[in-house]
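All remarks here apply to the structure that follows.
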Amino acid sequence: MTNRNEQLLTRAKNIIPGGVNSPVRAFGSVGGIPRFIKKAQGAYVWDENGQRYIDYVGSWGPAIVGHAHPEVIEAVREAALDGLSFGAPTEAEIRIAEEIAKIMPSVERVRLVSSGTEATMTAIRLARGYTKRDKIIKFEGCYHGHSDSLLVKAGSGLLTFGNPSSAGVPADFTQHTIVLPYNDTGSLKECFDKMGEQIACVILEPIAGNMNLVKPSQEFIQTLRQITEKHGTVLIYDEVMTGCRVALGGAQSVHGIKPDLTTMGKVIGGGMPLAAFGGKKEIMDCISPLGGVYQAGTLSGNPVAVAAGLKTLEIIQRAGFYENLTALTEQLVRGFNQAAKDAGVTFCADSIGGMFGLYFADKFPNTYADMAASNIDGFKQFFHVMLENGVAFGPSAYEACFMSAAHTPELVDETIAVAQKAFAAMAK
Ligand SMILES: *Cc1c(COP(=O)(O)O)cnc(C)c1O
């Protein structure tokens, strides 16, 4: 049989660097041939060989109501008929901004952008403009998009400034970024004791999904809120992944915390390029044209993207949506944990709302270092058996996985049966 995925990869590599438009898609960390996707519907995606997969990537989170949901497609179609982009304000933008503020009570003002990267980059600029301070804190293993000052790895000492984690980022650009270990309340306090008055903001994934799934301790979360408040530092919850995913109101609703600024993306665009940042009026009013912090975008608040987002937000607020989503995720996690135990494979899975993590170690990670010490090769082996048997996860051990409302208990059982096979193969 000709493998169209392989043929397309060869062709793609001749024109697109590495054959992909975002690096993890290249399967670099798991090996093998990336699947070129032809179409998606509900809980399934199909590749160019015609092979069908039960999908737990969900476009990395947005596909929470299932792929190509008929109501979302209809909303997009209707919006498109009226024009693809105006570069002028629209009523639909107000509606989605109002909707976001309703879902997240910490958000008093909202601005729409086109990607999570833009949202976090601007939120940080805004925090710096508002506080008139330069330094920022991020945590190891948290991803906030690919703007220069956030592509940082920890420096040599705990409180030394970060080093660029990407070529092309001048060390000057990252010298204001401090990288601390996630869940480490001690180092956070130490850092604020030493230079709290210089820190513009702390940005974090309040439930981390870019180093598998790492939950914060209640102590860590509460200390963060108290210490930032005390020092006049802006607390930014990067809920690009967790917003409308771990719960309707995001991680902040789960933790009962009011951050100063919040960034969102993924789910709120329903699969279209839409993201947002918002928060306290006093801070948000520093943004141009009201204030001196600049931000703009030709396609910001794009009408077709907003239509997809609005319909998605409507669907997820229907009765029982999160109860159903959470039950499906918990069913899968329970089944996987039991299957691994039965096969004698060291493994644990955990979840929150419609998000889950698969982890090849005996207990769940608290930090990036924990995650890096897990059995990454075990994940690779598991990943490929699942994929060959029609179940797709993100092609990296460091990625969280996503359930959609289009999955069913029967599909989850089917997935668990495949996992039994995979764990059995691993036990050999
Ligand atoms: C995906 C993600 C981003 C980046 O969003 P893009 O739309 O890919 O630019 C930022 N922060 C978090 C937490 C994310 O998961």
Side-chain angles (χ1 to χ4, degrees), residues 20-26 56-64 100 104 111-127 136-152 165-166 177 179 182 201-216 221 224 235-247 250-252 254-255 259 261-279 295 297 299-302 305-306 308-309 312 352-357 368 371 394-396 398-402:
V20 293
N21 285 313
S22 196
V24 72
R25 298 178 193 173
Y56 294 98
V57 185
S59 184
W60 302 99
I64 198 166
I100 291 169
M104 285 198 174
R111 184 157 279 182
L112 302 178
V113 291
S114 301
S115 71
T117 294
E118 267 182 275
T120 54
M121 176 183 82
T122 315
I124 285 171
R125 184 182 304 141
L126 181 56
I136 66 173
I137 294 178
K138 84 173 280 288
F139 297 97
E140 196 179 18
C142 286
Y143 176 70
H144 306 291
H146 60 93
S147 66
D148 285 338
S149 66
L150 290 168
L151 291 177
V152 196
S165 63
S166 163
T177 309
V179 184
Y182 200 78
C201 67
V202 177
I203 185 167
L204 83 158
E205 288 184 74
I207 293 168
N210 284 289
M211 47 173 161
N212 200 304
L213 172 63
V214 178
K215 294 177 178 173
I221 283 297
L224 259 172
L235 177 61
I236 305 174
Y237 261 37
D238 180 358
E239 300 232 40
V240 170
M241 184 185 288
T242 52
C244 308
R245 171 52 73 179
V246 299
Q252 54 196 270
V254 174
H255 296 153
L261 292 178
T262 298
T263 56
M264 298 181 80
K266 299 195 167 108
V267 170
I268 64 161
M272 295 289 285
L274 183 74
F277 62 96
Q295 178 269 338
L299 296 177
S300 287
N302 175 270
V306 167
T312 301
I352 178 156
M355 179 170 161
F356 60 101
Y368 181 80
M371 182 51 220
S396 160
Y398 290 87
E399 306 290 350
C401 314
F402 304 100

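Both counts, for ligands and for their atoms, begin at 1 and track the order of listing. Note that this is a predicted model, so its numbers are computed, not measured.
Around ligand 1, the residues contributing at least one heavy atom under 4.0 Å from the ligand are Ser115, Gly116, Thr117, Tyr143, His144, Gly145, Glu205, Asn210, Asp238, Val240, Met241, Lys266.
In terms of the side chain to side chain donor-acceptor pair (under 3.5 Å) criterion, Glu118 has no residue partners (sequence neighbours excluded). Under the side chain to side chain donor-acceptor pair (under 3.5 Å) criterion, Arg25 pairs with no residue at all, not counting sequence neighbours. Partners of Tyr56 according to the ring pair (Phe, Tyr, Trp, His ring centres under 6.0 Å) rule, which considers only residues two or more places apart in sequence or in another chain, are Phe356, Phe393, His407.
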**Report entry** side chain to side chain contact (heavy atoms under 4.5 Å, CB included) evaluation trace for Phe139 with Val202
**Finding:** CA-CA 9 Å; Phe139 297 97; Val202 177; 3.6 Å; yes
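In this model, no donor atom of one side chain and acceptor atom of the other lie less than 3.5 Å apart for Gln295 and Arg125.
With contacts defined as side-chain heavy-atom distances shorter than 4.5 Å, the pair Phe277/Leu261 does not qualify.
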